[in-house]
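Side chains are part of it too, since the values below use all heavy atoms of this structure and drop only hydrogens, waters and symmetry mates. Remember, it's a predicted structure, so these values are computed and weren't measured experimentally.
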Amino acid sequence: ISAGTDSFLNIPVHLIPGAGRLYVNVGPEFTYERWIEGYLAGRSFATNGPLLRFTVNGQGPGADLRADGPLELAVAGEAQSIVPMTALELIVNGRVARRWDAGADPRTVRFAEKISISRSSWIALRVRGAGDRLAPNDREVYAHTSPVYVTVAGRKVASREDARFFVEQIDALIAKMDSRGHFAEPAQRDAIVHRFREAQEIYRRIAADKQSGP
């Protein structure tokens with residue numbers, strides 16, 4: 001995961017640069033090289049305020065756990081924030097698997113539980129929260145970790161439903177390009193469509209694979 005903020009200086013009221021931030025675990029010593037290494041390894045979370053800690057079987061974001069079959073995992077997390085939070089959500093393959101509502105202190109939320117995994121999955125943690133003046137670029141307060149990956153029986157993470165979405169989305173992008181795009185010659189348009197179709201074919205294969213997830 002990463003974060004960035006577009007700021008269009010020709011628009012009077014727009015986003016503030018730097019309001020979306022990325023934090024990377026670099027270990028005991030901070031250097032540029034260690035930051036890049038940690039970022040590429042996925043040891044990170046994006047946020048507009050809240051700070052996150054998250055582990056699966058004691059390992060943080062970016063870890064790759066492997067098992068021969070279904071397994072039980074210990075998940076633990078903590079969020080601290082200067083603005084109130086609504087809840088922490090455990091995300092498994094893009095869907096909410098667990099939710100912990102904020103209690104009497106909405107600026108600190110923590111949990112420790114176990115979950116069962118039967119197929120290859122990615123697992124992440126995110127913060128939900130209402131808008132706040134200290135999160136000026138967004139309508140909601142948020143934070144989201146990079147995933148911990150769990151590979152079961154050597155199968156890649158794959159979702160037929162998600163793949164079908166991208167098949168349709170690529171058709172929509174091509175249609176939008178045809179209605180708005182301007183090209184010096186037809187070959188430019190054809191080259192772009194060819195790249196789109198190459199990607200679309202990958203998603204078609206995933207959508208047709210019965211061993212992929214729902």
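Of the possible donor and acceptor atoms, one in the side chain of N48 sits under 3.5 Å from a partner among the backbone N and O of Y142. Distance alone, capped at 3.5 Å, is enough to place a donor-acceptor pair between the T145 side chain and the L125 backbone. Side-chain atoms of N93 come within 3.5 Å of backbone N or O of W122 as a donor-acceptor pair. No donor-acceptor distance shorter than 3.5 angstrom exists from the side chain of S146 to the backbone of G62, with no hydrogens or angles considered.
Taking both residues in full, the closest heavy atoms of A46 and A3 are given as CB-CB, 4.0 Å, listed atom of the first, atom of the second, then distance. Nearest heavy atoms, V92 versus A97: CG2-CB, 3.6 Å. Nearest heavy atoms, S44 versus P61: O-CB, 4.0 Å. Closest approach of E140 to G129, counting heavy atoms only: CB-O, 3.3 Å. Here the shortest heavy-atom pairing between G38 and V24 reads C-CG1, 3.5 Å. I206 approaches A158 most closely through the heavy-atom pair CG2-CB, 3.9 Å.
Under the 4.0 Å criterion applied to side-chain N and carboxylate O atoms, R197 and D171 are assigned as salt-bridge partners. No salt bridge links E37 with R34; every basic N to acidic carboxylate O contact stays at or beyond 4.0 Å. Checked for salt-bridge contact, D209 and K156 miss the test: no charged N lies under 4.0 Å from a carboxylate O.
Note on L173: it clusters hydrophobically with Y203, by side-chain heavy-atom contacts below 4.5 Å among ILVMFWY residues. Hydrophobic clustering of Ile, Leu, Val, Met, Phe, Trp and Tyr side chains at less than 4.5 Å, counting indirect connections, keeps V141 apart from W100. Y149 and V152 fall into different hydrophobic clusters, where Ile, Leu, Val, Met, Phe, Trp and Tyr residues are linked whenever their side-chain heavy atoms come under 4.5 Å apart, directly or through other members. Tracing side-chain contacts under 4.5 Å through hydrophobic residues (I, L, V, M, F, W, Y), one never reaches Y39 starting from F54; they form parts of separate clusters. Note on I91: it does not cluster hydrophobically with L51, by side-chain heavy-atom contacts below 4.5 Å among ILVMFWY residues.
The environment of CG in D178 is crowded: more than 12 heavy-atom neighbours from other residues, nucleotides or ligands sit within 6.0 Å. Around atom CZ of R160, more than 12 heavy atoms belonging to other residues, nucleotides or ligands sit under 6.0 Å away.
Residues R128 and E89 have side chains in contact (heavy-atom distance under 4.5 Å, counting atoms from C-beta outward). Contact of the I123 side chain with the I117 side chain is registered, since non-hydrogen atoms from C-beta on lie closer than 4.5 Å. A heavy-atom distance below 4.5 Å is found between the side chains of V127 and L52. A heavy-atom distance below 4.5 Å is not found between the side chains of F196 and Q200. Residues L88 and R98 fail the side-chain proximity criterion, which asks for heavy atoms closer than 4.5 Å. Residues L73 and L65 meet the side-chain proximity criterion, which asks for heavy atoms closer than 4.5 Å. Side-chain contact between I174 and R189 is present, with heavy atoms from C-beta onward closer than 4.5 Å. T86 places a side-chain heavy atom less than 4.5 Å from the side chain of R99.
Here Q188 contributes atom CD and H182 contributes atom NE2; the two are 12.5 Å apart, rounded to the nearest 0.5 Å. Expressed to the nearest 0.5 Å, how far CD of Q80 lies from CG of D105 amounts to 9.0 Å. Here S2 contributes atom OG and R21 contributes atom CZ; the two are 13.5 Å apart, rounded to the nearest 0.5 Å. Atom CZ of R66 sits about 13.0 Å away from atom CG of L71, to the nearest 0.5 Å. The structure places CD of Q59 at 11.5 Å from CZ of R43, a figure rounded to the nearest 0.5 Å. With rounding to the nearest 0.5 Å, the separation of CE in M177 from CD1 in I170 is 12.0 Å.
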Fill in: CA sep, side-chain torsions, deciding dist, call: R164, E161, salt bridge (Lys or Arg N to Asp or Glu O under 4.0 Å)
CA-CA 5 Å; R164 287 191 291 267; E161 180 182 345; 5.7 Å; no

